[in-house]
Amino acid sequence: MLSGDAITTLVQEAKRCKYSLIPSHLSVDDVLLVWDGIAAFIVRQLIQPKGVNITGFGMFSLLSRSVHLAADREVNMHRPVFVLSEKFSKTHRVTYTKYLAPGEIPVVQLTNWNTGSNTECCCWRSAPG
């Protein structure tokens, strides 16, 4: 886990990055609240089980596998995976191990967020479908 100083430095550097979409008026605490909201949304979707696509960043999904426990018992296991967007990878020159997301898990699109005037409440919407 990162220390508070390391997180503050990381957010400040991210805000200065030429590709940053972080509004300049957001504080470090505001940015962390947004990421906490994103993480909670993703976890809720994965529990359902659904994947989450974040355009330009990547997709969180599940890999399913059947495990044979006995001659007549089988359990489906899900393992979370993140599939990095090729556009993000090329833009930031990131190399990674590519996973293919299975088609049997439905995927919701994280479309936008709204903090409104109260940054303590992040409201996430997904595309209908």
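What you see below is based on every heavy atom in this structure, not just the backbone, and it leaves out hydrogens, waters and symmetry mates.
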>> With a 3.5 Å distance limit and no angle check, can you tell me whether Thr9 reaches the backbone of Asp5 through a side-chain donor-acceptor pair?
In response: yes
Worksheet item: If you group Ile, Leu, Val, Met, Phe, Trp and Tyr by side-chain heavy-atom gaps below 4.5 Å, do Ile54 and Leu32 land in one group?
Response: yes
Give a yes or no answer on whether the side chain of Ser64 reaches the backbone of His78 with a donor-acceptor pair at less than 3.5 Å. no
With the 4.5 Å side-chain cut-off for hydrophobic clustering, are Met77 and Leu69 part of the same group? yes
* Would you say Asp36's side chain and Leu33's backbone share a donor-acceptor pair under 3.5 angstrom? -> no
- Determine yes or no for a side-chain-to-main-chain donor-acceptor pair under 3.5 angstrom, with Ser89 supplying the side chain and Val94 the backbone. yes
Cluster membership besides Leu21, Ile/Leu/Val/Met/Phe/Trp/Tyr side chains within less than 4.5 angstrom, sorted by chain and number, is none
Going through the checks in order, is the side-chain contact (heavy atoms from CB on, under 4.5 Å) test met by Val108 and Asn53?
-> CA-CA 6 Å; Val108 296; Asn53 186 52; over 6 Å; no
One should read off an interatomic distance between Arg79 CZ and Ser61 OG, to the nearest 0.5 angstrom, of 11.0 Å
Here the gap from Phe88 atom CZ to Thr55 atom OG1, rounded to the nearest 0.5 Å, amounts to 13.5 Å
Tightest non-hydrogen contact, residues Leu46 and Pro80, listed as CD1-CB, 4.5 Å
A side-chain contact here means heavy atoms from C-beta on lying under 4.5 Å apart; do Glu86 and Tyr96 qualify? yes
Rounded to the nearest 0.5 angstrom, the CD1-CD distance for Ile7 and Gln12 is 12.0 Å
Notebook entry, point to check: Between Phe57 and Leu110, is any pair of side-chain heavy atoms under 4.5 Å apart?
Noted result: no
**Report entry** Within one Ile-Leu-Val-Met-Phe-Trp-Tyr cluster: Val43 and Ile105, side-chain cutoff 4.5 Å
**Finding:** no
All heavy atoms of Pro49 vs all of Pro106, minimum pair found to be O-CD, 3.8 Å
side-chain contact (heavy atoms from CB on, under 4.5 Å) between Met59 and Val107, worked out: CA-CA 9 Å; Met59 181 176 58; Val107 176; 3.7 Å; yes
Hey, does the side chain of Lys15 reach the backbone of Leu26 with a donor-acceptor pair shorter than 3.5 angstrom? yes
Residues at least two apart in sequence or cross-chain that pass side-chain hydrogen bond (donor to acceptor under 3.5 Å, both in side chains) with Glu74, listed by chain then number, are Ser66, His68
Taken to the nearest 0.5 Å, the spacing of Ile42 CD1 from Ile47 CD1 works out to 12.0 Å
